[in-house]
Each structure stands twice: as C-alpha cells, then as structure tokens.
Protein chains: 2
Amino acid sequence: MARQAQTATAVLGVLSIEDLTGYEVRQAITSVLGHFWHESFGQIYPTLAELVRDGLVSAGPGDRARSTRYRITASGRARLRKLLAEPPESQAPRNGLLLRIFFGRSLDDEALADLLDDVESQAGSKLATYSEIRDGIGDDPSFPVHGRYWEATLRAGELAAEAQLRWVAETRAALLTPATLPPL
Amino acid sequence: MARQAQTATAVLGVLSIEDLTGYEVRQAITSVLGHFWHESFGQIYPTLAELVRDGLVSAGPGDRARSTRYRITASGRARLRKLLAEPPESQAPRNGLLLRIFFGRSLDDEALADLLDDVESQAGSKLATYSEIRDGIGDDPSFPVHGRYWEATLRAGELAAEAQLRWVAETRAALLTPATLPPL
DNA sequence: GGGCACATGTAAGCTGTTACATGATTAA
DNA sequence: TTAATCATGTAACAGCTTACATGTGCCC
C-alpha cells in the first residue's frame, strides 16, 4: 500500500460518514476508531491537503472564520472502496510486554507481578470502556448504517481483552505462585 | 524510554543468553522472539556499535575473517535489568483489519468474506507455528533458564489467536449470514 | 566455478510523533 | 479577563525499512 495510504483510508472513512473539519476528523478518529486506530494532527492536515489536491475531497468554508469543512467527493468514495479492498498491512510485531516476560528471569518477582497487574488493570478498563461505548452506540447518528460493523470491532476488542485476562491468570500461576507445598 | 532503547533491550536480551555475531543476533530475534518482536539489520548494527561505545557489550573476534562476536558485560546486564523494569511502551494501535471492518458497509460481501477468511487462516497457521515451537522448545540450550518464560509468551500468542478464531466465527454469523429464513 | 549462507555496514527515504506557532470563539 | 476549546499548520526529529555495496567460506 502506497505512501500515507493507511492514513488516507481512515480520513476518507470518517469523511464518508459526515462532512468534518480537520479538527473534527481527529476527534472522530479518536472517539470512534480510537480503540483500534490512531492519527495525529501532523498526519491529518497534510493528508487532507493531499486528498484535496487529488480531487478525492473538496474543501468548503466552515462554521467559523478560518475553519474549513471537508467533504468527500464521488471519486473519493471510489478510492475509499478500493483502499478498503486491499489486504491490511500487518505491522511488524513489537510487544514490549512479552519482551519483558521472555527475559523475565532477569526481573525480580515483584517487577514481574507489577507487570502482570498492569496488564490486568488495563484489560479491565478496556472492557469497561467497550461496554460504555456499546451502551452509547445507538445514539450515534451513524448507527443505522455502521452499527453492526462498529459492534464487530468492539467485539474484537472484548475478546482480545478477555484473552489477556485469562493469560494474566495463567501466567501468574505459572511464574509467580510460590512453592508453598512442602516436599514429600 | 530513550532513543533505540527498545532495540537495545532486545539485543541485550539475546546477548544475555549467549555470545553472538550481529548476524546471529538477528537470527535469534527472528527465530526465538519472532512471534512478538522484530528487528532489521539496519537497526541491529548501529545499536551494537552504540552498546560497545557505552561499554554494555564487548566486541571480540568471531570464527571467521571480519566477523565480530559480541559479549554482554556486567554493566550491560545491569542495564538490561533496568530496561526490563521500565513499563513497556504501548505502540499506538493501528489495526488495518478492524479499520476495514468498521467501514465494511463500503465493502461488498465477497471482500468482507475474503478478509475474514484471511484472518482465520492466519490465526490457524499461527497456532500451528506455536505448537511446533512448543515441541522444539526443550531442545534449545536456553530452555532450563528461559523455558517457563518462553512458554508464557507462546501461551499469549495462542490465546490471542484463539480469540481471533472465535471473533471470525462470530463476525461471519453477524455480518455475512444470509437472511435465508423466510419472513412470517 | 557457481550458488548459498554467513557477515557487516551505509544511505535514502518513509512514516509518524512532538513541539512549536498562531489565532478565533466561547463559557466561567 | 482568562482559561478552555476550536482550529490550522509547520519543522524538527525519532524510528524503522529497504536497497545497496561488499566480501568470505563452504558445498556441490
């Protein structure tokens, strides 16, 4: 996938739902796609400029002075469909948690326990967040169109978080349970 | 965590098990940490040079002409312990699969089905790979020391892959099951 | 002698973040 | 009036990949 194509996909995606300013594009990506996607302003503004240059998005005046509202064009929708049909780029794995676990012998039990506690609490708050999003999902204007897809992405997050919780429990038992049983 | 600290952690980590050439460092990272970590030569050689400069690793002659064997020093081991104790950097999420699912309305059913098929087969082959690694794990010289930690990282991969398989099944049912039942 | 695995390193370039700079609008 | 939020943009830099350049040693 070409340069910035992934960012372009996300930007075109949110603009396919609603006309937005650059600022709102970021808010939409953060609040709606936030549990599996991220973009910074430093990516969004240049990408929007590029999309306008390529005729995939048109720029109109916004509600306030100096603000610009972006609207996806017909060719923008076509490009979005094309981008979505390409196989997802899987990013090279870099899991700092598992790196620490693997070399866990160089870590004392306390540090290892802290690590597992953190994972557990993070997975727990993720589950809470997903549950909140799920409760509010029906109020979103895009619900009738995207609701089922949105729920599928939430479900992926839930299953991943639950798997993490199970892993923490297993790993605590395997690596941290003190040998309390006296030998025969 | 400072510049290149994550790469340095991985490199110091594999050198804490065994003395290696740069080439072997990469092989070790690929084969042993490969299911959750990745480094390219472009990162490894400059990092090794930096580690030598900082006295964390010493460079000795290798088995062949022009090859260099690196050995971790006492301060290198101390640094590794320190690096491992720092909280893992969680990379910003960028899940191309979920991005495509979220905007799945812009995708026809066939493309969606292909996407889910790919995830399923990838998760399946991951499980097969983990199972193979698990079978060979006892033969590795580092097994007595790292075996339990290694197994914990494998288990994380297995649970994640199983969660993905469950998600695919659920998502197929939710998004792709044709409405075959006639209405009352 | 040809091909492959071993071995080292650099340079160019892409992606993305962070910090900075600027200013308008609104609510307390 | 002052703080927060809305809004746009750029510059510097960090991190990483890829391609390139170079050569050794072994096996067929």
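Not measured: the values here are computed from a predicted model. Chain A is the first sequence line, chain B the second, and so forth, proteins listed ahead of strands; every chain is numbered from 1.
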Checklist entry - OP1 or OP2 of D/dA7 less than 4.0 angstrom from a side-chain nitrogen or oxygen of A/Thr68, does that happen here? => result no
Checklist entry - Counting any heavy atom closer than 4.0 Å, what does A/Arg94 reach on the DNA or RNA strands: base, sugar-phosphate only, or nothing? => result sugar-phosphate
Next on the checklist: Rounded to whole Å, how long is the line connecting atom CD of B/Gln43 with atom C1' of C/dT10?
Outcome noted: 13 Å
Checklist entry - At under 4.0 Å between heavy atoms, what does B/Arg64 touch on the DNA or RNA strands: base, sugar-phosphate, or nothing? => result base
Next on the checklist: Within the 4.0 Å heavy-atom criterion, would you say B/Gln27 contacts the bases, only the backbone, or no part of the nucleic acid?
Outcome noted: sugar-phosphate
Next on the checklist: Under 4.0 Å, counting only non-hydrogen atoms across every strand here, what does A/Ser40 touch: a base, just sugar-phosphate, or nothing?
Outcome noted: base
Item to check | Whole-Å gap separating P (C/dG9) and CG (B/Leu48) | outcome: 8 Å
Item to check | Side-chain N or O of B/Thr21 closer than 4.0 Å to phosphate OP1/OP2 of C/dC6 | outcome: no
Checklist entry - Rounded to the nearest Å, what distance is computed from the CD atom of residue A/Glu39 to the P atom of nucleotide C/dT17? => result 7 Å
Next on the checklist: Go nucleotide by nucleotide along DNA chain C from the 5' end; which of B/Tyr45 and B/Ala92 gets its closest nucleotide reached first?
Outcome noted: B/Tyr45
Checklist entry - Of all the nucleotides listed (D/dT17, D/dG9, D/dA7), which has the minimum atom distance to the side chain of A/Tyr70? => result D/dG9
Checklist outcome for this item: Heavy-atom nearest nucleotide on DNA chain C taken for A/Arg66 and for B/Arg69; more 5' hit belongs to B/Arg69
Next on the checklist: More than 12 heavy atoms of other residues, nucleotides or ligands under 6.0 Å from CZ of A/Arg134: yes or no?
Outcome noted: yes
Checklist entry - Once you round it to whole Å, what is the distance between C1' of D/dG15 and CZ of B/Phe41? => result 18 Å
Item to check | Donor-acceptor under 3.5 Å (B/Asp54 side chain, B/Leu56 main chain) | outcome: no
Checklist entry - Rounding to a whole Å, what distance do you find between B/Gln91:CD and C/dG16:C1'? => result 12 Å
Checklist outcome for this item: Taken to the nearest whole Å, CD1/A/Ile44 to P/D/dC6 is 14 Å
Checklist entry - When the distance from CD of A/Glu89 to C1' of C/dC14 is rounded to whole Å, what number comes out? => result 11 Å
Next on the checklist: Assigning hydrophobic clusters by single linkage (Ile, Leu, Val, Met, Phe, Trp, Tyr; side-chain heavy-atom cutoff under 4.5 Å), is B/Ile44 placed with B/Ile72?
Outcome noted: yes
Checklist entry - Within the side chain of A/Arg69, is there an N or O that forms a donor-acceptor pair under 3.5 Å with the backbone of A/Asp19? => result yes
Checklist outcome for this item: Considering only heavy side-chain atoms of A/His38, the closest of D/dT8, C/dT17, D/dT24 is C/dT17
Item to check | Cationic N near anionic O, under 4.0 Å, A/Arg94 to B/Glu89 | outcome: no
Checklist entry - Could you state the CD-P distance from B/Gln6 to D/dA14, rounded to the nearest angstrom? => result 16 Å
